[in-house]
Amino acid sequence: EFDDADADGDENNVAAEDGNSSAIVSTAPTGIPKEVIPAMRKAFSNLCTSPSGVLFENAFLQVGVKHEYVGAQGRISVFFGNLSPSPLLRFRA
């Protein structure tokens, strides 16, 4: 489940030891605007009852999920689609 508090950086700072001094390092997630979290919750709920579907989509990127199960074993595949006419640069998953 997505947590609304995760979308802004205030709650996502951790203290890191650096020798004798302490520094604050931000671990805030990037790329998920607060306004799309409700749609992602709905997409996630739909994926709980459907074997595949789109979890997130905007003008540039589509994130889809497919899951299948045989007995006690399962497989989850995540796919990323480039929806823009130009290549994605520095893409990491």
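All values derive from a computational prediction rather than experimental measurement.
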Residues passing the side-chain hydrogen bond (donor to acceptor under 3.5 Å, both in side chains) test with Asn58, sequence neighbours excluded, are none
Indicate if [X] and [Y] have the same hydrophobic cluster label, given that clusters are the connected sets of ILVMFWY residues with side-chain heavy-atom separations under 4.5 angstrom.
X	Y	result
Met40	Phe60	no
Ile37	Val54	no
Leu88	Val63	yes

Q: For atom CD of Glu35, decide whether the heavy atoms of other residues, nucleotides or ligands shown that lie under 6.0 angstrom number more than 12.
A: yes
query = Counting only heavy atoms not in Phe79, do more than 12 sit closer than 6.0 Å to its CZ atom?
reply = yes
Residues 81-93 vs side chain to side chain donor-acceptor pair (under 3.5 Å), sequence neighbours excluded, gives Asn82-Ser84
Quick one: does [X]'s side chain get under 4.5 Å of [Y]'s, heavy atoms only?
X	Y	result
Leu61	Leu83	no
Arg75	Tyr69	no
Leu55	Leu47	yes

Evaluate side-chain contact (heavy atoms from CB on, under 4.5 Å) for Ile76 paired with Val65, printing each intermediate quantity in order.
-> CA-CA 7 Å; Ile76 299 175; Val65 177; 4.0 Å; yes
Minimal heavy-atom distance between Ser50 and His67, with the atoms involved, is O-NE2, 2.8 Å
